[in-house]
Amino acid sequence: MSSPVLALAEDPYILRAPLPDDLVVQPHRISPGNTHVNSRVRDVVWSLGPLTDQPGAALAYIHWKDCPTSLRGELITLVWTLVNGERRPTSVQTRGGRVSRHGAVRTSLGILMWLRWARWLDRHGVHTLADVDREHWLAFAHSLRAQGVDRNTMKVYLSYLSDLWEYDQLTVRPAGILRPPWDIEGLDDHLPEAGESSYGENTTEPLDPRVVSPLLVWSIRLVEDLADDILAAWNERIRITAQARANRSTPAGVASLHAYLRAPLAGGAPLPTATIRGKTGLARFYLAERTGASLNQVHRAVQRDGLARVAAERPGPCPLTTPVTGRIDGRPWRTDIGFDEVEELWRHLGTAAATIILYLTGMRPQEKGTELRLMQHPTGRATYITAGESGRLRGRPAGDDRSASGSCGRRVLPQQCCI
């Protein structure tokens, strides 16, 4: 049931309209121990971090600049209701496959579809949700099918759109959205025919093991030995960025910023810099988080004191506080991880994990398995790799339910693979 603070007394499932100062994620939806920065309804970027409890998981953000202005107010109410509301038990029981509340990933994917739908409506001259008719629904669904998606993917897309109508019934200020036709007539007539998907079989010739073995060895080493450091650094980078965005302009913030800059401006000391896509500049988010200043205050200091020139002349590091625990040949693989290095390391880690899964299983990127049955090792022992939400790969013998590091590691490479 929804929070009593948000719901109407006469119907505990209908939420009041959000106010500009309301938190995006209300306290009743936040797990104990979740410390991600919460946004306000008035913010142009909403963080869904308070819904995300999985360590190392990337945080989802809603950028309201991507929503047409004419539809933004109605979508804000709907999204806020989706995040904080709850389906009626009768809806959960009568609509197969539905749950009372969605998790963070399902919520963020649904919102992305809603924004995509809003942009489509705006391009077709619809500027209020009450004007959506049956033909609009059918035309948008047809545009999704035209992308060549399979039946299961299309079912998911249509369920996202059905949520729009359902959650519009759970707000005190409904937009008057027409119920989608597939919710009334059934899904079958609105799905691609079996085999209609444009995704073909994986006919790519496998690489010679002698060529790919060194790549696999280093990919496994990266995942097993360095992933903990990279994931921890990624979490700190997310925290720094979110905190910098949340900082308000205060006298204390600007005083702290001036004190931090005093030594570099007096001469000699470097400024924290970041190199992003080949361009080196002042690490503004890092500087804002470290000093408590707002991004606007940092920007004004850059303009006033010529910090871009100083940073180019005296670039300095911006180390994270995340401790380095990974080792290569018994020695720490580095002394620290820089704020500007995290994104590249994150991509390397994702590439290493994908290399292991895709090569050892023959999977296409579109195929998403949670547990992938691999092969028989030369020892005759079957091994599995589990790709959990945390991004770590865990190997274990068949029949062993323990989450322990297995033998699918650095020394033994598989001889053959199958799903």
Rounded to the nearest 0.5 Å, the NZ atom of Lys155 sits from the CG atom of Leu191 at a distance of 6.5 Å

Mind checking whether Leu144 and Tyr160 have side chains closer than 4.5 Å, heavy atoms only?
no

Minimum heavy-atom separation for Tyr286 to Pro319, with atom names?
OH-O, 2.9 Å

Would Trp346 and Leu231 count as a side-chain contact (heavy atoms from CB on, under 4.5 Å) here? Give the steps.
CA-CA 8 Å; Trp346 176 267; Leu231 294 175; 3.4 Å; yes

Determine the interplanar angle of the Trp114 and Tyr167 rings, folded into 0 to 90°, and report it as parallel if under 30°, tilted if 30 to 60°, perpendicular if over 60°.
tilted

To the nearest 0.5 angstrom, please state how far the CG atom of Leu75 sits from the CG atom of Asp66.
11.5 Å

Kindly indicate whether a cation-pi arrangement holds for Arg221 with Trp218, taking the cut-offs as under 6.0 Å to the six-membered ring centre and within 45° of the axis.
yes

Quick one: pull up OG1 in Thr107 and CZ in Arg29 and give me the separation to the nearest 0.5 Å.
6.0 Å

Within the distance-only criterion (no hydrogens, no angle test), does the side chain of Asp225 pair as donor or acceptor with the backbone N or O of Gly326 below 3.5 angstrom?
no

Spell out, as yes or no, whether a donor-acceptor pair under 3.5 Å connects the side chain of Ser294 to the backbone of Gln297.
yes

Is it possible for you to check whether Arg237 lies under 6.0 Å from the centre of the six-membered ring of Phe339, through NZ or CZ, and within 45° of that ring's axis?
yes

Report the distance from atom CD of Gln243 to atom CD of Glu236, rounding to the nearest 0.5 Å.
12.5 Å

Nearest heavy-atom approach of Asn34 to Pro50 is ND2-O, 3.1 Å

Testing Ile328, Leu226, Leu345 for side chain to side chain contact (heavy atoms under 4.5 Å, CB included) with Arg334, which one passes?
Leu345

Are side-chain heavy atoms of Leu271 and Leu261 found at a separation under 4.5 Å?
yes

Of the non-hydrogen atoms in Pro270 and Gly316, which two are nearest, and what is the gap between them?
CB-CA, 3.7 Å

With a 4.5 Å limit on heavy-atom distance, are the side chains of Leu109 and Met113 in contact?
no

Under the 3.5 angstrom rule, does the side chain of Asp305 hit a backbone N or O of Leu307 as a donor-acceptor pair?
no

Between Arg284 and Val298, is there a donor-acceptor pair closer than 3.5 Å when you use the side chain of the first and the backbone of the second?
no

Hey, mind stepping through Ser143 and Arg116 against side-chain contact (heavy atoms from CB on, under 4.5 Å) and telling me if it holds?
CA-CA 11 Å; Ser143 73; Arg116 180 176 174 182; 6.0 Å; no

Measuring from atom CG of Asp183 to atom CH2 of Trp137, what distance do you get when rounded to the nearest 0.5 angstrom?
9.0 Å

Determine whether Ile111 and Leu48 make a side-chain contact, defined as any pair of heavy atoms from C-beta on separated by less than 4.5 Å.
yes

Between Ile220 and Ile356, is any pair of side-chain heavy atoms under 4.5 Å apart?
yes

Count the heavy atoms belonging to other residues, nucleotides or ligands that lie under 6.0 Å from CZ of Arg304, then report whether that count exceeds 12.
yes

Asn296 and Ser249: side chain to side chain donor-acceptor pair (under 3.5 Å), yes or no, with the steps?
CA-CA 7 Å; Asn296 283 336; Ser249 296; 4.9 Å; no

Could you go through Lys65 and Val44, starting from their C-alpha distance and side-chain angles, then the distance that decides it, and tell me whether this counts as side-chain contact (heavy atoms from CB on, under 4.5 Å)?
CA-CA 7 Å; Lys65 65 178 178 60; Val44 294; over 6 Å; no

Backbone of Ala255 reached by a side-chain donor or acceptor of His258 within 3.5 Å
no

Output yes when a side-chain donor or acceptor of Asp229 lies under 3.5 Å from a complementary backbone atom of Val324, and no otherwise.
no

Any sub-3.5 Å donor-acceptor pair from Asp168's side-chain atoms to Ile177's backbone N or O?
yes

Closest approach of His63 and Leu115, non-hydrogen atoms and distance?
O-CD1, 4.5 Å

Charged tip of Arg245 within 45° of Tyr61 ring normal and under 6.0 Å
yes

Taking the side chain as every heavy atom from C-beta outward, state whether Leu129 and Leu121 have any pair of such atoms under 4.5 Å apart.
yes

Of all the heavy-atom pairs spanning Val172 and Ile14, show the shortest one and how long it is.
N-CG2, 3.6 Å

Given side chains that start at C-beta, do those of His127 and Asp122 come closer than 4.5 Å, heavy atoms only?
yes

Test item: Arg173 side-chain N/O and Thr77 main-chain N/O as donor-acceptor pair under 3.5 Å
no

Is it true that, when you exclude His299 itself, more than 12 heavy atoms of the residues, nucleotides or ligands shown sit nearer than 6.0 Å to its NE2?
no

Thr171 and Leu15: side-chain contact (heavy atoms from CB on, under 4.5 Å), yes or no, with the steps?
CA-CA 5 Å; Thr171 175; Leu15 270 60; 5.6 Å; no

Ser39 side chain to Trp46 backbone, donor-acceptor under 3.5 Å
no

Measuring from Glu343:CD to Ile230:CD1, what's the distance to the nearest 0.5 Å?
13.0 Å

Please check: side-chain N/O of Trp64 versus main-chain N/O of Thr69, any donor-acceptor pairing under 3.5 Å?
no

Got Arg88 and Leu170 here, is their nearest side-chain heavy-atom distance under 4.5 Å?
yes

Between Ser47 and Val24, which heavy-atom pair has the shortest distance, and what is it?
O-CG1, 4.5 Å

